[in-house]
Amino acid sequence: MPQPALLLLVFFGVWLGVRVKIYVRVQSSHNATNWSEIPIMIGMVLAPMPWVLLSATAGLAVAKIASRQPPLKTWHALGDPELKCYMPG
């Protein structure tokens with residue numbers, strides 16, 4: 001089992017990455033993005049992939065439930081970390 005501090009770091013990193021949006025303005029268009037992928041990539045380097053997947057999915061679930069999104073959108077968003085973790089590996 002990897003260090004619990006590392007898993008908590010991935011959990012809170014994904015939670016913070018989903019909750020905080022970065023707004024970019026290019027001429028007249030405004031785009032918003034989040035950086036929830038960065039803690040996943042760092043965690044994949046330092047911990048086994050199943051643990052990172054579990055921690056990232058839990059962080060994403062907490063963030064989506066706290067933002068009161070509809071259940072269908074929440075379930076759809078929970079599949080996203082699985083694709084990000086298993087595509088590179």
Side-chain angles (χ1 to χ4, degrees):
M1 182 171 158
Q3 293 182 356
L6 177 66
L7 295 178
L8 282 174
L9 187 65
V10 171
F11 174 85
F12 285 116
V14 171
W15 176 79
L16 185 67
V18 170
R19 297 288 292 170
V20 176
K21 293 195 184 304
I22 294 142
Y23 294 98
V24 179
R25 181 175 181 210
V26 178
Q27 292 184 357
S28 64
S29 65
H30 297 272
N31 295 325
T33 185
N34 60 21
W35 288 359
S36 62
E37 297 90 7
I38 293 173
I40 294 173
M41 292 301 194
I42 293 171
M44 285 177 57
V45 171
L46 301 174
M49 189 169 41
W51 287 101
V52 173
L53 177 63
L54 179 66
S55 181
T57 304
L60 184 63
V62 169
K64 293 294 181 178
I65 290 171
S67 67
R68 297 178 170 246
Q69 282 194 344
L72 187 60
K73 280 189 165 189
T74 301
W75 283 109
H76 179 71
L78 290 180
D80 191 36
E82 296 171 0
L83 293 175
K84 289 177 186 170
C85 285
Y86 286 117
M87 291 301 261

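- Expressed to the nearest 0.5 Å, how far CG of Leu7 lies from CG of Leu54 amounts to 8.0 Å.
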Only pairs under 3.5 Å count here: list side-chain donor-acceptor contacts from residues 8-26, not counting sequence neighbours, and write none if there are none.
from  : atom 1 : to    : atom 2 : distance (Å)
Arg25 : NE     : Gln27 : O      : 3.0
Arg25 : NH2    : Gln27 : O      : 3.4

Show me the side-chain donor-acceptor pairs of residues 63-70 shorter than 3.5 Å, one per line, residues at least two apart or across chains.
from  : atom 1 : to    : atom 2 : distance (Å)
Ser67 : OG     : Ala63 : O      : 3.4
Ser67 : OG     : Lys64 : O      : 3.0

Atom pairs and distances, side-chain donor-acceptor, residues 41-49, under 3.5 Å, sequence neighbours left out:
none

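- Listed for the Thr57 side chain is a donor-acceptor partner under 3.5 Å among the backbone atoms of Leu53.
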